[in-house]
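Scroll down for the structure; my scribbles are underneath it.
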Amino acid sequence: TNFQEFLLTIMADMESEMEEDKRELQRLQERITEWAKTLPLPEKQVIMMRYIACLEWAEIADNMAYSLRQVFRFHGDAVRRLSDAGKDNS
């Protein structure tokens with residue numbers, strides 16, 4: 001029926017979009033991983049756990065045996081390094 005064909009078309013479109021989203025996520029994760037390699041170890045660990053492993057902040061703090069405040073500090077330092085590197089390249 002027309003309705004079934006309509007649903008199949010929608011499902012195929014959604015599947016295509018999901019595949020493209022997966023590829024984009026993989027590209028972003030690869031870029032994050034490359035950038036993280038340039039960071040000092042604690043900052044690198046925070047970035048990798050947050051954006052690659054998708055851990056919550058509290059989980060990161062527990063895994064690293066640091067306070068949440070210190071984890072946020074490491075993250076902020078990493079983001080500042082990225083921002084500064086971007087300014088240097090422009």
Side-chain angles (χ1 to χ4, degrees):
T1 68
N2 286 342
F3 184 69
Q4 288 173 328
E5 290 172 14
F6 172 73
L7 287 179
L8 289 173
T9 301
I10 289 175
M11 289 170 54
D13 289 347
M14 289 175 67
E15 188 172 331
S16 176
E17 287 179 30
M18 288 184 346
E19 288 301 318
E20 180 55 36
D21 289 347
K22 284 183 201 177
R23 286 190 294 275
E24 179 63 19
L25 177 59
Q26 185 176 7
R27 284 190 293 269
L28 288 171
Q29 287 178 328
E30 288 168 0
R31 288 179 63 195
I32 289 168
T33 300
E34 285 303 309
W35 167 65
K37 290 178 183 178
T38 69
L39 298 172
L41 186 61
E43 293 173 24
K44 176 183 175 178
Q45 289 173 318
V46 169
I47 295 301
M48 295 299 289
M49 283 190 246
R50 182 67 179 172
Y51 299 107
I52 304 302
C54 301
L55 297 181
E56 297 291 330
W57 293 113
E59 293 174 291
I60 296 168
D62 287 345
N63 288 343
M64 294 181 71
Y66 283 109
S67 68
L68 256 170
R69 183 178 182 157
Q70 185 62 44
V71 168
F72 290 143
R73 189 173 296 128
F74 289 142
H75 183 267
D77 291 345
V79 170
R80 273 187 290 286
R81 286 180 199 277
L82 176 62
S83 176
D84 291 346
K87 289 175 189 171
D88 292 343
N89 291 330
S90 49

For this session: Would you sort out whether Glu15 and Lys22 count as a salt bridge (Lys or Arg N to Asp or Glu O under 4.0 Å), showing the intermediate values?
Result: CA-CA 10 Å; Glu15 188 172 331; Lys22 284 183 201 177; over 6 Å; no
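- Between Arg50 and Glu56, the shortest heavy-atom distance links the atoms NH1-CA, 3.6 Å.
- For Met48 against Ala36, the heavy-atom pair with the smallest separation is SD-CB, 3.8 Å.
- Of the inter-residue distances, the one linking Trp57 atom CH2 with Asp62 atom CG reads 14.0 Å to the nearest 0.5 angstrom.
- Between the Thr33 side chain and the Gln29 main chain, a donor and an acceptor come within less than 3.5 Å of each other.
- The two residues Arg81 and Leu39 make their nearest non-hydrogen contact at CD-CD2, 3.5 Å.
- Contact annotation: the side chain of Ile60 never approaches that of Phe74 to less than 4.5 Å [non-hydrogen atoms, C-beta and beyond].
- The distance from the CD atom of Glu17 to the CG atom of Asp13 is 6.5 Å, given to the nearest 0.5 Å.
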Problem set entry | Arg80 vs Asp77, salt bridge (Lys or Arg N to Asp or Glu O under 4.0 Å): CA-CA, chis, key distance, verdict | CA-CA 5 Å; Arg80 273 187 290 286; Asp77 291 345; 2.7 Å; yes
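- Between atom CG of residue Leu82 and atom CD of residue Glu43 there is a gap of 11.0 Å, rounded to the nearest 0.5 Å.
- Residues Leu68 and Ala58 share a closest heavy-atom pair of CD2-N, 4.0 Å.
- The closest side-chain heavy-atom distance from His75 to Ile47 is below 4.5 Å.
- A salt bridge links Glu24 with Arg27; the closest basic N to acidic carboxylate O contact falls under 4.0 Å.
- Inspection of the Gln70 and Arg73 side chains reveals an N or O donor paired with an N or O acceptor under 3.5 Å.
- Closest approach of Ala61 and Val71 over heavy atoms only: CA-CG2, 3.6 Å.
- No continuous path of ILVMFWY side-chain contacts below 4.5 Å connects Met49 to Trp35, so the two sit in separate hydrophobic clusters.
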Exercise. What's the verdict on salt bridge (Lys or Arg N to Asp or Glu O under 4.0 Å) for Glu20 and Arg23, showing C-alpha distance, side-chain angles and the deciding distance?
Worked result: CA-CA 5 Å; Glu20 180 55 36; Arg23 286 190 294 275; 2.9 Å; yes
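- Using a 4.5 Å heavy-atom cutoff, the side chains of Val46 and Tyr51 are not in contact.
- Side-chain atoms of Ser83 never come within 3.5 Å of backbone atoms of Val79 as a donor-acceptor pair (strictly under, hydrogens ignored).
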